[in-house]
*Asks:* 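One structure is given below, represented as structure tokens, and several questions about it will come after.
When reading the values below, keep in mind they use all heavy atoms of this one structure, side chains included, and skip hydrogens, waters and symmetry mates. Throughout, numbering of the chain's residues begins at 1 and tracks the sequence. Keep in mind that this is a model prediction, so the values were computed, not measured.
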Amino acid sequence: MNQPCTGCGILAPEGTRGCRAMFDELAIRQWYSPLAYPVRRMMVDTYALQHPDEFCASAKSLVAHLTGLCAAIEHREHPHLLRVLLEWLDSQPALVKPAFPAARGRVTIVSAYEASCVEEVHASADAWARSVWGAYAPLQPQARAWVAEALARPVR
Ligand SMILES: [Zn+2]
């Protein structure tokens, strides 16, 4: 029987478990397609932020996914930023975890899951990511501040 996912609200078999199964299947499918790493990473960050109780329990995981999505949407011209962010997170910066927003975005995994070609997956993933980033609007200034902090670190 279909039940709502506690993260994104879609109706799926067994609710949250069914939603997660779609995500896992999409991830496996991408393995065989030429989807670029940044798109796959963007979908992981998007899914995690839409299901934060499960994937953003620690401050570090929330910051990793939120800064990753910020990088995907606002810094596409900066391909090394994901690595810069990882190094910054590994340096154990002091992080205070903000509260999750009440809304999680209206677009869900369904459109990317149902996409029939790589181009469609890209377009769906993009709309999905922007929707979730929009839902996290109250946290965007903090996300940008974290990205700026990461970028301000001296290059090793
Ligand atoms: Zn869900």
*Asks:* Is the shortest side-chain N to carboxylate O distance from Arg83 to Glu87 below 4.0 Å?
*Replies:*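 A salt bridge is present here (some side-chain N lies under 4.0 Å from a carboxylate O).
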*Asks:* Could you give the distance from CG (Leu85) to OG1 (Thr67), rounded to the nearest 0.5 Å?
*Replies:*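 Reported value, rounded in 0.5 Å steps: 4.5 Å.
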*Asks:* If you define the side chain from C-beta out and look only at heavy atoms, does anything of Cys5 sit under 4.5 Å from Gln50?
*Replies:*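 Not touching, per the 4.5 Å side-chain cut-off.
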*Asks:* Classify the angle between the aromatic ring planes of His51 and Phe55 as parallel (below 30°), tilted (30 to 60°) or perpendicular (above 60°).
*Replies:*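 Taking Phe55 first and then His51, their aromatic rings stand perpendicular (interplane angle over 60°).
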*Asks:* Please step through side chain to side chain contact (heavy atoms under 4.5 Å, CB included) for the pair Thr6 and Asp53, ending with a clear verdict.
*Replies:* CA-CA 9 Å; Thr6 57; Asp53 295 329; 5.6 Å; no
*Asks:* Testing the basics here: between Val84 and Ala150, what is the closest heavy-atom pair and its distance to 0.1 Å?
*Replies:*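 Heavy-atom minimum between the residues: CG1-O, 3.5 Å.
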*Asks:* Does Cys8 form a side chain to side chain contact (heavy atoms under 4.5 Å, CB included) with Tyr47? I'd like the steps, not just the answer.
*Replies:* CA-CA 9 Å; Cys8 66; Tyr47 190 84; 5.9 Å; no
*Asks:* If I compare all heavy atoms of Leu82 with all of Gly68, which pair ends up nearest, and what's the gap?
*Replies:*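 Closest heavy-atom pair between Leu82 and Gly68: CD2-CA, 4.1 Å.
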*Asks:* I'd like to check Leu151 versus His78 (side-chain heavy atoms, cut-off strictly below 4.5 Å). Are they in contact?
*Replies:*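 SC-SC contact between Leu151 and His78 confirmed.
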*Asks:* Output the distance between atom CG (Asp24) and atom CZ (Arg17), rounded to the nearest 0.5 Å.
*Replies:*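 So the CG of Asp24 and the CZ of Arg17 are separated by 11.0 Å.
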*Asks:* Heavy atoms only: give me the nearest Ala112-Leu26 pair and the separation to one decimal.
*Replies:*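 Scanning both residues completely, I find the closest heavy atoms to be O-CD1, 3.8 Å.
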*Asks:* Report yes if some heavy atom in the side chain of Pro93 is under 4.5 Å from a heavy atom in the side chain of Glu149; otherwise report no.
*Replies:*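 A side-chain contact under 4.5 Å exists here.
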*Asks:* I'd like to check Val44 versus Arg40 (side-chain heavy atoms, cut-off strictly below 4.5 Å). Are they in contact?
*Replies:*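 Contact flag for Val44/Arg40 side chains = no.
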*Asks:* Let me see the working for Leu11 and Gln3 under side chain to side chain contact (heavy atoms under 4.5 Å, CB included), right down to the final yes or no.
*Replies:* CA-CA 5 Å; Leu11 292 173; Gln3 291 173 329; 5.6 Å; no
*Asks:* Any sub-3.5 Å donor-acceptor pair from Arg76's side-chain atoms to Ala72's backbone N or O?
*Replies:*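 Answer holds: yes.
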*Asks:* What I'd like to find out is whether the side chain of Glu14 reaches to under 4.5 Å of the side chain of Met1, using heavy atoms alone.
*Replies:*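 No, every pair of side-chain atoms sits at 4.5 Å or beyond.
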*Asks:* What's the shortest heavy-atom distance between Ala71 and Leu81, and which atoms?
*Replies:*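 Closest heavy-atom pair between Ala71 and Leu81: CB-CD2, 3.6 Å.
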*Asks:* Using residues 129-148 as the side-chain source, report each donor-acceptor pair under 3.5 Å to any protein atom, sequence neighbours left out, with the distance given to one decimal.
*Replies:*
unit_1, atom_1, unit_2, atom_2, d
Arg130, NE, Asp126, OD2, 3.2
Ser131, OG, Arg106, N, 3.0
Ser131, OG, Val107, N, 3.1
Tyr136, OH, Leu49, O, 2.6
Gln140, OE1, Arg144, NH2, 3.0
Gln140, NE2, Trp133, O, 2.8
Arg144, NE, Glu74, OE1, 2.9
Arg144, NE, Glu74, OE2, 3.2
Arg144, NH2, Glu74, OE2, 2.7

*Asks:* Quick check: do His75 and His80 have side-chain heavy atoms less than 4.5 Å from each other?
*Replies:*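 Not in contact.
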*Asks:* Kindly give the heavy-atom pair with the smallest separation between Leu62 and Pro98, and that separation in Å.
*Replies:*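 So the minimum-distance heavy-atom pair works out to CD2-CD, 3.6 Å.
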*Asks:* Strictly distance-based, threshold 3.5 Å: is any side-chain N or O of Lys97 a donor or acceptor partner for the main-chain N or O of Ala57?
*Replies:*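 Yes; judged by distance alone, with no hydrogens or angles, the pair exists.
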*Asks:* Pair Met22, Ile10 - check side chain to side chain contact (heavy atoms under 4.5 Å, CB included), show working.
*Replies:* CA-CA 11 Å; Met22 288 170 75; Ile10 62 164; 4.0 Å; yes
*Asks:* Under 4.5 Å between any side-chain heavy atoms of Val121 and Tyr113, yes or no?
*Replies:*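 No, too far: nothing below the 4.5 Å cut-off.
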*Asks:* Is there side-chain contact between Ser124 and Ile109, with heavy atoms separated by less than 4.5 Å?
*Replies:*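 No - every pair of side-chain heavy atoms lies 4.5 Å or more apart.
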*Asks:* Quick one: NZ on Lys60 to CG on Leu89, what's the gap to the nearest 0.5 Å?
*Replies:*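 Reported value, rounded in 0.5 Å steps: 6.0 Å.
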*Asks:* If you look at every heavy atom in Ser91 and Arg153, which pair is closest and at what distance?
*Replies:*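 Smallest heavy-atom distance, with atoms named: CB-NH2, 3.5 Å.
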